[in-house]
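So you know, we letter chains A, B, ... as the sequences are listed, proteins then strands, and number each from 1.
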Amino acid sequence: MDYDFRRIEKAWQNKWKDAEAYKVSNDSPKPSFYVLDMFPYPSGAGLHVGHPLGYIASDIYSRYKRLKGFNVLHPMGFDSFGLPAEQYALETGQHPAETTEKNIATFKDQLDKIGFCYDWSREVRTSDPSYYKWTQWIFLKLYNSYFCNTQQKARPIADLIEKYAVKGAMPKTGEMIPGRHFTADQWNAYTKTEQEEILMKRRLAFSAFGEVNWCEALGTVLANDEVVNGVSERGSHPVIKKKMRQWYLRITQYADRLLQGLDTVDFSDSMKEMQRNWIGKSEGAEMEFSIGDYSEKIKVYTTRPDTIFGVDFLVLAPEHVLVSQITSAEQQHAIDEYLNYVKTRSDRERMAEVKQVTGCFTGAYAKHPFTGKPIPVWIAEYVLAGYGTGAIMGVPCGDQRDFAFAKHFNIPITNIIGDAYTGEEANSTKEATLQNSDFLNGLLMKDAIAIAISKTEELGIGKRKVNYRMRDAGFSRQRYWGEPFPIVWEDGVAIALNENDLPLVLPHAEKYGPGPEGEGPLANITEWVDLTPNPSPKERELREHSEDQKEYGYITSTADEWKNTLAFAKQNRHHQTEAEEILWELVRNRNISGYKFRRQHPISGFIPDFVCLEQKLIIEVGGDYHNKKEQELFDVAREKWLNEFGFEIIKFTNQEVAEDINKVERTISQKLEDMQKKYSAQSPLLRRGGRGEVSSARRETSTMPGYAGSSWYFLRYMDPKNDQTFCDRKASDYWGQVDVYVGGTEHAVGHLLYSRMWTKVLFDLGLIGFEEPFKKLVNQGMIQGSSRFVYRLNWKFKDVSGAMINPENLPTIFLSAGYLNSKSKDVQKLLREEISKIVNDIDFDIDALSDSYYYDPIHADVSMVDGLELNLDEFRKWRKGEFETAIFICENGEIKAPFSFDGPGDSVKEGKFICGSEVEKMSKSKYNTVNPDVLVEKYGADTFRMYEMFLGPVEQSKPWDTKGIEGVHRFLKKLWRLFYDDVKGKVWSDEKASDAEFKILHKTIKKIEQDTESFSYNTAVSAFMVCVNELTDIKCHKKEVLEQVLILLSPYAPHISEELWDALGNEGFVIDATYPTLEEKYLLEATKEYPVSINGKLRASINLPTEVNQHEAEQAVLANETIQKWLEGNPPKKFIFVKGRMINVVI
RNA sequence: GCCCCGGUGGUGAAACUGGUAGACACGCAGGACUUAAAAUCCUGUUUGCAGCAAUGCAAGUAACGGUUCAAUUCCGUUCCGGGGCACCA
């Protein structure tokens, strides 16, 4: 019986599925364990061999923990919002939802073939409304929270509002600063708009103006990596910085807690370091310098207040607000010129020429806060407006950039550290002793820092200050395929939707191009965006007269329709029924609870009898004609339609109105009251408690960035189906933190930082019980692709007359790598000869060209290459035969062409075409991807799993190479033969195992357990190989031993383990077995082969009892022949005995 | 420039807190079985020198130096590769 992996794997995958073997319950007496993978973006290219590396690692760990008696949560889902799907939609017109759906199906199919133990019933997809409902919900939590500086945590914004209303915002010390401080009375007197503006400055999710990369030609906002050298990546159009309203997360408030939290988690040092760098905390002081007669002072930020007496100049960022004020008349022209120069420089340029010194003197002088010495004030682009205060103090003897600046502009340099400053370069250490520094004289610089700060604070010229490099996180994207913001802008004020109104479903789009004014594609879906209620007749008049602003109500489509409806409505108003007249008298003039009603007011094509737009309440009075059959149907349809737009309808019959108008009144006002309650607080579109109507209401047209959905998905897995809350507190308390999180380093500062922040906010608000999401992080290395290149001759040659050769009629010629690698000048001559054989009628000059110029490297698909040798037949068929007629010049100069010519001809044709190779990122566009399906098909999932692990340590990046997979496959076949013999069939027996056999088993148990715990899977695989090799060597076929080995192996190779486990006659799945217990007694040895070194060099090896003591060992060693030979009769100087390890004799 | 991580046979790699460097596998070479192939199995495989051989000696973990009875492991300097940050005051 052969190892038929195809049958086995399929069979067991089905059995697991049928038995729901991987379904996990939130209710279990077992201890919980949570193993998580970073969920993938389902790209159209499908899975490549790089993806499963981490998945296999986590799968092994999950299965291992399960065997160890844990209730293991090991889910998988899809990060399915994102740019690639949108880009694809732009190109092909296919809706991202469709392509995403398709891609996910492919991914799942591929994943299932590898035999992962995911509980698919817990799958999440970030683009699914039932998921992003809660992303939006958490966004609202962020929006409706602020960071309380006293408690250092998030609190509901309602608390802040209450505080403002009762106590205002008063300064702790000092005077009130207008715009920042206010009394409770002032707060209460502010308009809603003013209050909202103040609150926006505290909300954890907030909107503000920020700079974006704006490309006029493309009419769109670009991400940083879509901008290359100041122009757009697509089309090379100019890109400028433009201020636009954006959303942000106030992550800077969490900087300190994010920093502290790192000490509580088990991440790699480099990962922690990266996060620390990103947060970029620096401690220093802010100091104030007064300038001439101006009341305003220049604030500088410095980490080196100890060098305050070495200040020779101040430098402001060119964008600094004070620049225009302090510039002197003489310098005005020079400053203007410099500012113009700066404007032309992109960030990239500024970065590219780091060493270039530019700047301009403002003509102003600041006063040194201690000495009173006048200090020139400059501006220079090396000072960044966005960091610190946008101003620095220049200390040339202590800072290399300041030094270069002073030298360049001939500013005299003050030396405050004596000999420690050479005059040749700045001394930026903190080790020198200060001189020339008044009260700091004689102090070491690093000690002087604290003293300088306290003195500064004492004199009121500055204060201690902590700065962070991290900026608030941009949270809006001008894109389509993302979560819409649950925000409506009413007259410029952001109003959040009610939780009840979620999810705000992403509307279907037909086009994905940018909207006007840099807005996202959603801005083009007018009927979705514009929630402005129908205008009053007066406003309507106004609007109709303005030609370029054709607005006809928010649900109305065409101008004509609207005109007709209007006319019809007007007509209706002149033909009121009696009941309508009575009702109108009742509701008009804000008669009922102060709500304004309109009669016969068109809402799109419909004309309700009465409507209160504030609460979206419609009153219909039944006329006789409503009894007709078709009218009834129409009414139903209309009601449904209006409901969709949030309108509610109450109906009265003529009779009711006529008979008891009081009852009618009560009904209406009750209804209004109910509706106000129901849609209380912040629901948009006049459903607010307020009385005023709005003149414009537009939905936010940006969408959330990719990291929104991924910032909390690990919580959703715990309670994926819950439609009451994002994740029940019981579920999150049961599972707690993610015990092991496996993923790539590329998310070090993005995803990991954001999800850590979200977790902290949710924790602060009491919604979950832990404040770090991931207890342990395992970084999987990247599997790189090994690309193959062919080199196409570039026909940009001049012929001998100097004219360019026209390549169009010339054949495509490919050069073999070795041909090019022989870097000699001869290659060109040789090549010229070869080409002349092919193309007889042109004579050209190749010698003049540099070798880098005459060929283009082209990626060849790795599947057509065996090692480095290109399969020419396949290559000719590739890309729909694009290179069908190409000519290949092989390694040995042989020419292979699809036609015959008078070449070297008759000689034996065995030239190989060798490709160039390079290690690059695995990507479809580089044709270097390897699909796991192919390998699974050829060797089986178990082989594939074990091979990926065998490749090397999980954390290590390595180029993909298939050549070793045979070895792993052989191992599994060898394992199989312990159970089944080719000839004899089944060979296992129930015999009692010997100690020697148990020793092999328990040695393996020990090693596998250790290695699995420490994610050292490559060595674990090798331990399995050793085990099987040894069992084979001693012909052990005993069930007692083998079935234990199967349990050990099942996390690594679940299918074959399951098959053999079953064959041995066991009940149930091996995945539910109990992990073998290590019994040390089998590992004890009576004797040990001790290596004996002389002076650290291994000379002999002697067998000693395990329980030997140093004296006995010494005697045995000295009696040894080889050792005696080395001792040459002398006694050893020293005898070192490490029990159980080795012996070293020093002579 | 700064901060991390790494550098070991022809290749992927192993070596627990300093204690037999190269486990395991690939590749290669030789052999067995076979008409042949596939599959399987066996032997060898760091380098140099000596030997018919078992084996012995020497060198060897990027380079140099140090600590130690003993260094791939700890320390210092330099070189190379990978990743991150970058006029951050």
Side-chain angles (χ1 to χ4, degrees), chain A residues 2 268-278 280-282 284-285 300-304 307 315 317 350-351 353-358 380-384 386-395 398-402 404-405 428 467-470 745-746 748-749 779 781-782 784 919 947 950-953 955-959 961-968 970-971 973-974 977 982 1007 1010-1011 1014 1016 1018-1027 1029 1032 1089-1101 1122 1132-1147:
Chain A
D2 268 358
S268 71
D269 289 343
S270 64
M271 188 62 64
K272 287 185 179 183
E273 200 55 35
M274 264 188 244
Q275 294 207 3
R276 287 197 189 102
N277 280 341
W278 185 260
K281 181 176 180 168
S282 74
V300 302
Y301 174 71
T302 177
T303 54
R304 297 295 304 278
T307 62
V315 190
R350 284 170 71 162
M351 265 182 240
E353 309 154 24
V354 166
K355 294 288 165 266
Q356 194 181 330
V357 181
T358 70
E381 58 179 342
Y382 84 91
V383 177
L384 306 174
Y387 184 77
T389 58
I392 63 154
M393 56 186 214
V395 184
D399 183 285
Q400 196 51 46
R401 278 161 313 158
D402 295 347
F405 194 81
S428 56
N467 239 311
Y468 299 95
R469 179 163 50 213
M470 182 168 64
T745 30
E746 64 271 24
V749 287
N779 286 120
M782 207 181 9
Q784 293 139 320
V919 172
Y947 179 60
F950 190 54
L951 230 39
E955 323 80 68
Q956 205 163 91
S957 288
K958 52 232 155 190
D961 193 344
T962 316
K963 72 183 182 197
I965 199 166
E966 299 273 359
V968 176
R970 251 172 246 161
F971 154 73
K973 285 199 279 195
K974 199 164 175 180
R977 283 198 302 271
D982 288 348
K1007 179 83 176 139
Q1010 271 172 7
D1011 286 353
S1014 58
S1016 179
N1018 53 331
T1019 53
V1021 173
S1022 99
F1024 280 123
M1025 289 172 169
V1026 171
C1027 171
N1029 286 347
T1032 305
E1089 200 57 32
Y1090 274 89
V1092 182
S1093 305
I1094 307 277
N1095 286 349
K1097 281 191 204 297
L1098 182 72
R1099 295 301 177 194
S1101 146
T1122 325
K1133 279 189 194 149
K1134 204 169 177 184
F1135 186 86
I1136 288 151
F1137 172 74
V1138 184
K1139 197 173 165 196
R1141 285 274 181 209
M1142 45 65 71
I1143 290 161
N1144 192 14
V1145 183
V1146 187
I1147 56 171

*For A:Lys974 and for A:Ser1093, find the nucleotide of RNA chain B with the closest heavy atom, then tell me which residue's nucleotide is more 5'.*
A:Ser1093

*Looking at the side chain of A:Glu273, which of B:C3, B:C24, B:C16 is the nearest nucleotide?*
B:C3

*Grab the stems for RNA chain B, please: at least three consecutive Watson-Crick or wobble pairs, both distances below 3.5 Å, written as range with range.*
B:1-7 with B:79-85, B:10-12 with B:24-26, B:27-32 with B:40-45, B:46-50 with B:55-59, B:62-66 with B:74-78

*Which nucleotides of nucleotides 26-31 of chain B have their base under 4.0 Å from a protein heavy atom (B), which only their sugar-phosphate (S), and which neither (-), written as one string 5' to 3'?*
S-----

*Has the side chain of A:Tyr468 got a donor or acceptor atom that lies under 3.5 Å from a matching backbone atom of A:Ser282?*
no

*Can you check whether A:Asn277 has a side-chain N or O nearer than 4.0 Å to OP1 or OP2 of B:C88?*
no

*With respect to the side chain of A:Ser270, which nucleotide from B:G83, B:A39, B:C4 is positioned closest?*
B:C4

*Considering only B:G83, B:C24, B:A13, which nucleotide approaches the side chain of A:Phe950 most closely?*
B:C24

*Measure across A:Ala404 and A:Val357 and return the closest heavy-atom pair with its distance rounded to 0.1 Å.*
CB-CG2, 4.2 Å

*asked:* Measuring from the side chain of A:Gln956 (C-beta onward, heavy atoms only), which nucleotide among B:A13, B:C85, B:A23 has the closest atom?
replied: B:A13

_Main-chain N/O of A:Asn1144 paired to A:Lys1134 side chain as donor or acceptor, under 3.5 Å_ = no

_Strictly under 4.0 angstrom, non-hydrogen atoms only: write out the protein contact profile of nucleotides 60-71 of chain B, one letter per nucleotide from the 5' end, B, S or -._
---------BS-

*Looking only at heavy atoms, which two atoms of A:Arg401 and A:Tyr382 are closest? And how far apart?*
CB-CE1, 4.1 Å

*To the side chain of A:Arg1099, which of B:A89, B:A58, B:C16 is closest?*
B:A58

*asked:* Can you tell me which nucleotide in B:C88, B:A25, B:C3 comes closest to the side chain of A:Arg401?
replied: B:C88

*Is A:Arg276 touching bases, backbone alone, or none of the nucleic acid, heavy atoms closer than 4.0 Å?*
nothing

*Which sits closer to the 5' end of RNA chain B, A:Arg977 or A:Gly388, going by the nucleotide each is nearest to?*
A:Arg977

*Could you state the interatomic distance from OH (A:Tyr947) to CD (A:Glu966), rounded to the nearest 0.5 Å?*
10.0 Å

*asked:* Counting only side-chain heavy atoms from C-beta out, which of B:A89, B:C4, B:A15 sits nearest to A:Thr1019?
replied: B:A15

*Give the nucleotide from the list B:A14, B:A25, B:G19 with an atom nearest to the side chain of A:Met1025.*
B:A25

*Side chain of A:Met274 only, please: which of B:U20, B:G83, B:A25 is the nearest?*
B:G83

*asked:* Can you tell me which nucleotide in B:A13, B:C24, B:C85 comes closest to the side chain of A:Arg469?
replied: B:C85

*Can you tell me how far C1' in B:A70 sits from the matching atom in B:A21, rounded to whole Å?*
14 Å

